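These numbers were taken from a predicted model, which means no experiment stands behind them. In what follows, chains are A, B, ... by sequence order, proteins preceding strands, each numbered from 1.
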Protein chains: 2
Amino acid sequence: MVTTRAREGRVGTASRILDAAEKLVQVRGFNAFSYADVAAEVSISKAALHYHYPGKAELGEALITRYSARFGQAMLALFAAAGTAQDKLAGYVGLFADVLREEKMCLCGMLAAEYHTLPVAMQASVLSFFADNEAWLTQVLERGSAEGSVRLTGPARDTALMILSGLEGAMLVARAYGDVDRFLTTADRLLSGLYLSSP
Amino acid sequence: MVTTRAREGRVGTASRILDAAEKLVQVRGFNAFSYADVAAEVSISKAALHYHYPGKAELGEALITRYSARFGQAMLALFAAAGTAQDKLAGYVGLFADVLREEKMCLCGMLAAEYHTLPVAMQASVLSFFADNEAWLTQVLERGSAEGSVRLTGPARDTALMILSGLEGAMLVARAYGDVDRFLTTADRLLSGLYLSSP
DNA sequence: GTCTATAACGAGATAGAC
DNA sequence: GTCTATCTCGTTATAGAC
């Protein structure tokens, strides 16, 4: 069942609020944006913002939930699509690169930096995001290893963690330089050594 | 020439301010600590703080300057010490691990997350820190390659960047979990493949 | 659902005494 | 150098009208 709003492709206020807030968090951080910033971006009053999201903690929670769901769907699509482990990993790197091209940090990478200042509910959600990514990467690596397209020299989970952490760090540093190529080069290096065709 | 203060090992107010502020930034971030926080930690008034560092921008600058100098000295010591490239890299990883053990993020990794909210002088100093680290790693890798203890499959600089970014990201993620072992495991994975003795 | 108005608080920063 | 007192502004959040 689809509401009129969805059928017509219109976007509700709650969703536009999330769009604006998400961008602000990914560019400036959770502690460096205000309700006033979001309100101005969406062209509503701060009070209306509080109607949709009572406080910053609730808004932050909603941000992570939506972001994780979207990222999870993208990972699922990559996993289901035809292609080798190498293809899936290239697609995965592309997800991060797309974020970086907008001068944004991964939402949960940004929140990880601010971790010790976050409401506990947000902290837990950040860890869930990392756990989901780790699990996806582990599956891809194990399948690739079973298929013979990936060479693992230790537990798949360790390599999964290395890839996730490496990509987050590569975004962090490359974004400071405003240099997407820097990210792509580093991503290549992170994955080199995994494939049997590597030199 | 040594001042009485230095000879007696006493620590001046300016230095104690930097100690407190540095910790606060590494744990909470530049945008999540206040002059009041530092003043309380050092047991002086906010006004006294402003006497030593006129504004947050100047304090931030001083933090990066001192941190970079300290880190640079440690890197120099590692470079000068006897040992293989592998030894130097292990020592380098140890520098990051020591920071993480105090639940702190690398100062400049934290500031990289907040990059787009920083005063321009601080932004430049953050990039300098990264450049210094990159240069050191490149030298170590090239020397190791020349000595035959390191196997490079591309430009040393690319691998240097991968190691730096990877360690920053590993800190970011491991710190959220409060798990130093997670960092160490990831660091091992990042460097695996570099050494000729690797499986 | 959205608004204006305002409360309540903390931030960075300054003045001027000691 | 350090203090108390104060200023100004931005922040989150609420009240109540429309």
Asker: Does anything in residues 24-50 of chain A form a salt bridge (charged side-chain N to carboxylate O under 4.0 Å, His left out)? List the pairs, not counting sequence neighbours.
Answerer: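 Found none.
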Asker: Quick one: list whatever passes side chain to side chain donor-acceptor pair (under 3.5 Å) with B:N31, sequence neighbours left out.
Answerer: B:E114, B:T117
Asker: Please enumerate all residues that pass side chain to side chain donor-acceptor pair (under 3.5 Å) together with A:D87, with sequence neighbours excluded.
Answerer: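 Side chain to side chain donor-acceptor pair (under 3.5 Å) list for A:D87, sorted by chain: A:T84.
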Asker: Sequence neighbours left out, what passes side chain to side chain donor-acceptor pair (under 3.5 Å) with A:R16? Give chain and number order.
Answerer: none
Asker: Expressed in angstrom and rounded to an integer, what is the separation of B:I17 atom CD1 from C:dG12 atom P?
Answerer: 14 Å
Asker: Among residues 22-35 of chain A, which ones have heavy-atom contacts with DNA chain D below 4.0 Å?
Answerer: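 Only A:F33, A:S34, A:Y35 qualify.
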Asker: May I ask you to verify if any side-chain N or O of A:T13 is less than 4.0 angstrom from the OP1 or OP2 atom of C:dT2?
Answerer: yes
Asker: To the nearest Å, how far apart are A:Y51 OH and D:dG16 P?
Answerer: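 After rounding, the reported distance stands at 18 Å.
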Asker: Tell me, which pairs form a side-chain hydrogen bond (donor to acceptor under 3.5 Å, both in side chains) where one or both residues lie in residues 67-76 of chain B, sequence neighbours left out?
Answerer: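 Sorted result for residues 67-76 of chain B: B:E22-B:R70.
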Asker: What is the distance, to the nearest angstrom, from the NZ atom on A:K56 to the C1' atom on D:dT14?
Answerer: 18 Å
Asker: Quick check on contacts: within residues 41-50 of chain B, what sits under 4.0 Å from DNA chain C by heavy-atom distance?
Answerer: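 The stretch gives B:K46, B:A47, B:H50 as the residues lying under 4.0 Å from the strand, ordered by number.
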Asker: For B:E61, enumerate each residue passing the side chain to side chain donor-acceptor pair (under 3.5 Å) test, keeping only those at least two apart in sequence or located in another chain.
Answerer: B:S125
Asker: Nearest whole angstrom, please: distance from the P of C:dG12 to the NE2 of B:H52.
Answerer: 17 Å
Asker: Give every residue pair that meets the side-chain hydrogen bond (donor to acceptor under 3.5 Å, both in side chains) criterion with at least one member in residues 131-146 of chain A, sequence neighbours excluded.
Answerer: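 Checked against side-chain hydrogen bond (donor to acceptor under 3.5 Å, both in side chains) - neighbours excluded - the pairs reaching residues 131-146 of chain A are A:Y92-A:N133, A:E134-A:R157, A:E134-B:R182.
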Asker: First locate atom CG of B:L107, then atom CD1 of B:I64, and finally report the distance between them rounded to the nearest 0.5 Å.
Answerer: 6.0 Å
